[in-house]
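Throughout, a chain's letter reflects where its sequence line sits, starting with A, and its residues are numbered from 1.
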2 protein chains.
Amino acid sequence: MTSKQEFIEKLRNSSLRPTKQRINICEVLFNRDKTFHFTINDLFNLIKDKTGEKVSLATVYNTVHAFHKKGYLKEIPINSNQTYFDTNVTDHHHFFDVKEEKLIDLKNEDVGPIEIQKSIPGKKIKSVEVLVKLED
Amino acid sequence: MTSKQEFIEKLRNSSLRPTKQRINICEVLFNRDKTFHFTINDLFNLIKDKTGEKVSLATVYNTVHAFHKKGYLKEIPINSNQTYFDTNVTDHHHFFDVKEEKLIDLKNEDVGPIEIQKSIPGKKIKSVEVLVKLED
DNA sequence: ACAAGAAATTAGAATAATTATAATATTAAA
DNA sequence: TTTAATATTATAATTATTCTAATTTCTTGT
Ligand SMILES: [Mn+2]
Ligand SMILES: [Mn+2]
Ligand SMILES: [Zn+2]
Ligand SMILES: [Zn+2]
């Protein structure tokens with residue numbers, strides 16, 4: 001159980017003003033036990049459900065991207081018409097259940113270390129992501 | 001150098017009628033030495049450039065998805081506003097140069113075998129894709 | 001506490017990728 | 001050659017995302 005005060009500090013520490021909307025979004029995103037995979041639309045609906053307060057869609061987009069930029073959210077590449085985000089910002093991989101449209105975390109030991117043997121001059125590796133698609 | 005006749009047979013073999021438009025699209029997609037990574041928009045413009053004939057955007061979408069369904073094209077998951085496709089339909093991985101917005105093939109030996117140690121009951125693995133993002 | 005400026009929120013408009021529609025044209029088969 | 005099935009096309013519709021500009025809320029200095 002994380003307190004509202006902690007969210008306010010977290011926001012302050014990253015020079016994001018602790019507004020009511022951002023705190024509500026924090027509640028939905030970070031006040032939970034397990035990692036959370038979501039689309040903007042999931043989040044938008046959950047805010048109403050869980051906090052009882054409405055936040056505009058534009059603010060949800062703005063806040064998610066602000067959090068993403070600050071490193072509080074990870075973006076997961078999937079072939080979907082909607083962008084997926086993840087509250088687990090550590091380097092990790094995913095299952096994607098194509099039918100359920102659900103992401104599932106893979107522990108790094110479930111995949112093993114990945115060593116990229118090729119390099120491109122003048123470029124460095126920013127991230128290595130494994131996506132395992134699941135079907136029935 | 002692949003001939004038009006081969007494309008016609010290829011289309012017939014997959015119960016796709018060999019129309020002028022589809023043959024032109026085949027020319028652009030498959031009449032080349034190296035694998036080809038593209039967006040619908042790339043392809044749409046190349047058709048005009050390379051064949052001199054215009055194909056409607058709707059037909060490009062339809063044909064790309066028909067080819068994808070038939071297994072002649074692979075879809076590459078990237079966080080981009082445009083969907084990427086690949087004429088190399090074998091199981092392989094990618095660099096994505098974020099600045100240039102270009103995909104580069106990785107050979108399987110550049111990545112090594114990936115063994116997924118976790119399984120989800122009732123689900124089986126459909127694909128395993130590694131995406132390595134590159135920055136300057 | 002108050003004022004002033006900076007930053008955030010919002011509804012709604014704009015944009016852009018993709019998909020759907022429905023009329024016309026082409027292809028395949030009898 | 002007739003006919004039915006399928007494909008193409010222009011255009012409209014849809015959808016995710018971003019932009020805009022007015023309003024509200026925060027922060028900071030007084
Ligand atoms: Mn995750
Ligand atoms: Mn490729
Ligand atoms: Zn983002
Ligand atoms: Zn497709």
Quick one: side chains of residues 17-25 of chain B, donor-acceptor pairs under 3.5 Å with protein atoms, not counting sequence neighbours, listed by atom name and distance.
| residue | atom | partner | partner atom | Å |
| --- | --- | --- | --- | --- |
| B:Thr19 | OG1 | B:Arg22 | N | 3.2 |
| B:Arg22 | NH1 | B:Arg17 | O | 3.0 |

*Using ring-ring contact (aromatic ring centres under 6.0 Å, His included) as the criterion, list what pairs up with B:His93, not counting sequence neighbours.*
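B:His93: no ring-ring contact (aromatic ring centres under 6.0 Å, His included) contacts found.
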*Can you list the residues that meet the ring-ring contact (aromatic ring centres under 6.0 Å, His included) rule with A:Phe38, with sequence neighbours excluded?*
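Counting only residues at least two positions away or on another chain, A:Phe38 forms a ring-ring contact (aromatic ring centres under 6.0 Å, His included) with A:Phe36, A:Phe85.
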Can you tabulate the close N/O pairs, meaning under 3.5 Å, that link protein atoms to atoms of nucleotides 27-30 of chain C?
| residue | atom | partner | partner atom | Å |
| --- | --- | --- | --- | --- |
| C:dT27 | O2 | B:Arg17 | NH1 | 3.3 |
| C:dA28 | OP1 | B:Arg12 | NH2 | 2.9 |
| C:dA28 | OP2 | B:Arg12 | NH2 | 3.3 |

_Can you pull out every salt bridge (charged side-chain N to carboxylate O under 4.0 Å, His left out) where at least one residue sits in residues 117-128 of chain B? Sequence neighbours excluded, please._
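Salt bridge (charged side-chain N to carboxylate O under 4.0 Å, His left out) check on residues 117-128 of chain B returns A:Asp97-B:Lys123, A:Asp136-B:Lys123.
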*Quick one: which residue pairs count as a salt bridge (charged side-chain N to carboxylate O under 4.0 Å, His left out) with a foot in residues 58-85 of chain A, not counting sequence neighbours?*
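Qualifying pairs, neighbours excluded: A:Lys74-A:Glu129.
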*asked:* Below 4.0 Å from chain B heavy atoms, what is the first contacting nucleotide of DNA chain D and what is the last?
replied: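 Extent of the interface on DNA chain D: D:dA5 to D:dA10.
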_Exercise: do A:Asp42 and A:Thr39 side chains pair donor with acceptor under 3.5 Å_ =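 Checked: A:Asp42/A:Thr39 side chains pair up, N/O donor to acceptor below 3.5 Å.
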*asked:* What is the separation between atom CG on B:Leu11 and atom C1' on C:dT26, rounded to the nearest whole Å?
replied: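 Between C1' of C:dT26 and CG of B:Leu11: 15 Å.
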*So if you build clusters from Ile, Leu, Val, Met, Phe, Trp, Tyr with side-chain heavy-atom gaps below 4.5 Å, do B:Ile114 and B:Leu106 land together?*
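Yes, one cluster joins them.
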*According to a 4.5 Å side-chain heavy-atom criterion applied to Ile, Leu, Val, Met, Phe, Trp and Tyr, with indirect links allowed, do A:Ile76 and B:Val98 form part of one hydrophobic cluster?*
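As far as the 4.5 Å side-chain criterion goes, B:Val98 and A:Ile76 are not connected within one cluster.
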*According to the ring pair (Phe, Tyr, Trp, His ring centres under 6.0 Å) rule, which pairs have a member within residues 95-136 of chain B, sequence neighbours left out?*
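Sorted result for residues 95-136 of chain B: B:Tyr84-B:Phe96.
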*With nearest nucleotides of DNA chain C determined for A:Arg22 and B:Ile40 from heavy-atom distances, which residue corresponds to the more 5′ nucleotide?*
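First, find each residue's nearest nucleotide; the 5'-ward one identifies A:Arg22.
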_From B:Asn79 atom CG to B:Lys133 atom NZ, the distance as rounded to the nearest 0.5 Å_ =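 Answer rounded to 0.5 Å: 4.0 Å.
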*Kindly state which residues belonging to residues 56-87 of chain B come within less than 4.0 angstrom of DNA chain D, counting heavy atoms of the residue only, listed by number.*
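Those residues whose heavy atoms fall under 4.0 Å from DNA chain D, taken from residues 56-87 of chain B in numerical order, are B:Ser56, B:Ala58, B:Thr59, B:Asn62.
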*Compute the angle between the rotation axes at the two ends of the helix from C:dA1-D:dT30 to C:dA30-D:dT1, each taken over five pairs, rounded to 10 degrees.*
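Here the local axes at opposite ends form an angle of 30°.
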*More than 12 foreign heavy atoms under 6.0 Å from NZ of B:Lys54: is that the case here?*
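It does not: B:Lys54 NZ has 12 such atoms or fewer within range.
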_ILVMFWY clustering at 4.5 Å (side-chain atoms), partners of B:Val89_ =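 Cluster partners of B:Val89: none, it stands alone.
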*asked:* Taking salt bridge (Lys or Arg N to Asp or Glu O under 4.0 Å) as the definition, give me every residue that meets it alongside B:Asp105, ordered by chain and number, with sequence neighbours left out.
replied: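 For B:Asp105, no residue satisfies salt bridge (Lys or Arg N to Asp or Glu O under 4.0 Å) once neighbours in sequence are set aside.
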